Amino acid sequence: MGIKYFDEEGIFKLDTRNTSYVIGIADEEKFLGHVYYGRRLEEHRMGYLLRLGEPPFVPSKNKGDRISFMDSFPMEYPAQGVGDYREAALKVRTEGGHRACLPVYMSHEIFKGKKKIPGLPTSFGEESECSTLEITCRDALLNLTVVLSYSVFEEQDVITRHTVVGNDGQEKLYLENVSSMSLDMDNREFEALTLHGSWARERHKQRRKLGIGYQGTSSGRGESGHQNHPFMALMAAGCTQEHGEIYGVQMMYSGNFDIRTEVSQFNSVRWQAGIGTRDFCWVLVPGEKFYAPEALLTFSAEGIDGMTANYHGFIRKHVLRGKYKDKKRPILINNWEATYFEFNTEKLLNIAKQAAELGIEMLVMDDGWFGKRNLDNCSLGDWTVNEEKLPGGLSHLVEEVNKLGMKFGIWFEPEMVSPDSDLYRAHPDWAIAVPGREAGMARTQYVLDFSREEVVDCIWKQMEAVLKSANVEYVKWDMNRPLSDLGSSGLPAEKQGELAHRYMLGVYELQERLVSNFPDLLLENCSGGGARYDAGMLYYSPQIWCSDDTDAVERLAIQEGTAMIYPLSTMGAHVSDCPNHAVGRITPFETRGYVALAGTFGYELDVTRIPKEDREMIPEQVALYHKYNDLVREGDYYRLESAQDNHLFDCWQVVSKDKKESMVTWIQVLGGASRHSRNLRLKGLAPDKYYRIENEDVVLRGDSLMYAGICMPVMSGDFKGKILHLVEE
Ligand code: GLA
């Protein structure tokens, strides 16, 4: 088991294959202190790192300087108001209006396996794969218990953390922050690596050095968001793509989040990740518990590549669920960019016929099939088929599609309501809004109040009826606007601060109903492209639409950022039409295919209308998908070059687990007459195996390929791509 408690020293030691995490109990008051997290250590007697022998000494030896002690001690889970002036992981207000709180160690439990967090997406593992430490701390005055939970996944070098706060007193407690994790470390000239963007520009990397004071990334939009991402890595001085020490944290949560660092007066770093605190206040009534979402923590001494490998392995095995978890996904064609709202059964069947002949396996009918929806200004909430567009209903269309040998998928936006809809006319109070204030619209729609059970039930009944009416094998679940004007007519005044989190619990509840009642369904999440791409959503859907920007060049940065922490098998990527609808760029059809092959692969265009040469290329691309998808889904991913850094070319590689096969995708963004070939050093191969580079009649040893490299010639023109396939000789 990866968790040990050493009673004599009061030390907890959590070990994974390559990392150790050490916690200590200090002083007579039993403060819980953070001792160490990093490379694996064999020794547990590490308590000296708590600096209890240095001034200002522990309170039992120096009561007169208690505040100085509090102000520097590395609390494992710091609370507020008793002299630790750094950011608190736990902020509690009492009925009396006070905020001081100091939970100290009370007891602990160690067991094999892991518990599910009620109502929330939770990573999982067999008893042989993980073990859990639960440390119970208590503030006696407040009658408040805090259970700090750590699950250790030895194989993947991941430790998951979450917090459960319980009220066992007689008075209400108001929770103003409950971080999922807090970590105090000495600053090693850390740089924060985060992901940011906008609509159609999701998850671009950003690196910045930590300065004194606060830095962070957060969302207050009610979804994880296009703009910031629920992930941060801290890179110690000298850390690069391949080398050096890096810590990663990501939230397994899809709503508001805060991930922040605070560098203190003593150059220590306090790092916290958890639910977003803007607008948050949870009323913890006596006898109840609050469950904070899970944070996924990892450490690697092998740079960004090491962190990526840990997260990919972990998410594949311990986050993704369901029939398609490890399975190849059907190649789909989605009609959104092909037709937008202007389609009917005939048009869809024409697309499907051509697509089936070319080897495409599933037709997905996007937005516009329900209510009176011919534009994006009505009918959300009315999930009944528009028979004017689809004569004979859904079942007729699906039967015809199935006759072509294709599967069928459909689009929903369950969390939304249009003011022009029967649902809104019947229940205007079901939209999130503040009484007396006109709620702001986005895309002419309001957000449904998913904190109310009756709202979730009503949408569920409608979805269930649609899905039972025909052979639907895929759902794209969209969410096209953030939350605003937070007000719920279902909650009393003092609980309004719970709305954003209760909303997420409602979303999770509905997704859980969907996947458990339709276990064969392939669910793809989406949010105006990739605004809700997170480990929380991946617990319900094994793939997420990466971005509404389908341009092959723009996708390089988006997919690089995404693949840095999420497996390629989760990345919704399609070949789309040109000039690209989002950016107007023209790229070769072939290159669009190479870029989409890094993800789930599919098409987002009207096959009946694209140029003949492009259409003729589809069977070849389909063949490439069948050839490479096992490797892409199951292999180890490496980033070799980034066009974001060099502005000329992008390159990534996948290596099979047995190291017998590898695929290198090279995209030349800009051609150039005066450049000579580029030396490309591969990664992850077996140094002593010989590899044949397919179609190039070259056989090279793994060590030559990795340490000396191969030369990639400059191709003529922009946006050119190439796949190298290496097979053990
Ligand atoms: C969002 C999605 C698109 C498409 C449209 C439909 O923008 O990201 O893929 O489904 O909604 O309205």
Side-chain angles (χ1 to χ4, degrees), residues 197-203 221-227 254 329 332-343 347-348 351 362-383 386 389 408-418 420-421 441-448 463 466 472 474-482 507 522-534 537 541 543-551 554-555 558-559 562 570-577 580-583 592 596 599-606:
S198 176
W199 173 74
R201 183 164 41 82
E202 295 89 339
R203 291 175 294 287
R221 294 168 181 264
E223 57 174 350
S224 37
H226 292 105
Q227 292 73 11
S254 318
R329 322 282 159 73
L332 68 82
I333 182 157
N334 177 305
N335 74 308
W336 178 240
E337 289 192 23
T339 66
Y340 294 102
F341 293 102
E342 285 167 31
F343 63 86
K347 209 167 183 180
L348 292 177
I351 292 177
M362 177 161 75
L363 176 78
V364 174
M365 178 171 67
D366 210 279
D367 192 357
W369 57 268
F370 51 92
K372 299 189 184 72
R373 190 147 164 110
N374 293 315
L375 255 184
D376 62 4
N377 60 2
C378 72
S379 299
L380 293 169
D382 298 343
W383 301 105
N386 177 345
K389 277 182 169 172
F408 179 85
I410 199 167
W411 180 97
F412 281 99
E413 197 177 356
E415 298 152 73
M416 298 292 153
V417 67
S418 308
D420 181 6
S421 66
M441 279 194 282
R443 217 188 185 207
T444 332
Q445 64 200 52
Y446 295 129
V447 184
L448 281 172
M463 290 179 82
V466 172
V472 178
Y474 161 107
V475 162
K476 176 173 170 187
W477 176 310
D478 211 338
M479 194 261 190
N480 275 318
R481 62 154 290 179
V507 172
L522 172 58
L523 181 63
E524 174 155 358
N525 265 290
C526 170
S527 177
R532 210 162 53 181
Y533 202 127
D534 51 66
M537 284 288 133
S541 67
Q543 60 192 58
I544 300 178
W545 182 230
C546 205
S547 175
D548 277 347
D549 192 336
T550 51
D551 170 65
E554 296 279 307
R555 272 290 179 126
I558 297 170
Q559 294 186 184
T562 308
T570 67
M571 213 160 63
H574 298 163
V575 176
S576 67
D577 207 357
N580 180 270
H581 294 196
V583 297
R592 282 176 259 159
T600 55
F601 195 72
Y603 292 87
E604 187 104 5
L605 41 73
D606 186 346

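Because the structure is predicted, anything quoted here is derived from the model rather than measured. Read the numbers this way: they start at 1 and go in the same order the structure lists the ligands and their atoms.
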Atoms of ligand 1, numbered as shown, that sit under 4.0 Å from any heavy atom of G529: 8 (O)
Looking at W545, does the NZ or CZ of R555 lie under 6.0 angstrom from its six-membered ring centre and within 45 degrees of the ring axis? yes
Check: F341 N/O within less than 3.5 Å of ligand 1 N/O: no
Just heavy atoms, cut-off under 4.0 Å: does E337 contact ligand 1 by side chain, backbone, both, or neither? neither
Looking only at side-chain N and O atoms, does T550 offer a donor or acceptor that is under 3.5 Å from a partner on E337? yes
R203-Q559 side chain donor-acceptor pair, cut-off 3.5 Å: no
With heavy-atom distances below 4.0 Å as the criterion, list the atoms of ligand 1 near C526. 2 (C), 8 (O)
Note the single closest protein heavy atom to atom 4 (C) of ligand 1, along with its residue, its atom name and the distance in Å. D366 OD1, 3.4 Å
Using heavy atoms and a threshold below 4.0 Å, how should the contact between N334 and ligand 1 be classified: side chain, backbone, both, or neither? neither
Would you please classify the geometry between the W336 ring and the F341 ring as parallel, tilted or perpendicular, with 30° and 60° separating the classes? perpendicular
Between W477 and E413, does any side-chain donor sit less than 3.5 Å from a side-chain acceptor? no
Looking only at protein heavy atoms, identify the closest one to atom 12 (O) of ligand 1 and say how far it is in Å. D367 OD2, 2.6 Å
Any ion pair linking D367 and R373 (charged N to carboxylate O, less than 4.0 Å)? yes
Could you tell me whether E223 and R481 have a side-chain N and a carboxylate O separated by less than 4.0 Å? no
Write out the residue and atom name of the closest protein heavy atom to atom 8 (O) of ligand 1, then the distance separating them to 0.1 Å. D548 OD1, 2.5 Å
Among all protein non-hydrogen atoms, which one is nearest to atom 9 (O) of ligand 1, and what is the separation to 0.1 Å? K476 NZ, 2.7 Å
Check: W336 N/O within less than 3.5 Å of ligand 1 N/O: no
Between D366 and K476 (salt bridge meaning N to carboxylate O under 4.0 Å), is one present in this structure? yes
Among all protein non-hydrogen atoms, which one is nearest to atom 2 (C) of ligand 1, and what is the separation to 0.1 Å? D478 OD2, 3.1 Å
Any N or O of W411 closer than 3.5 Å to N or O of ligand 1: yes
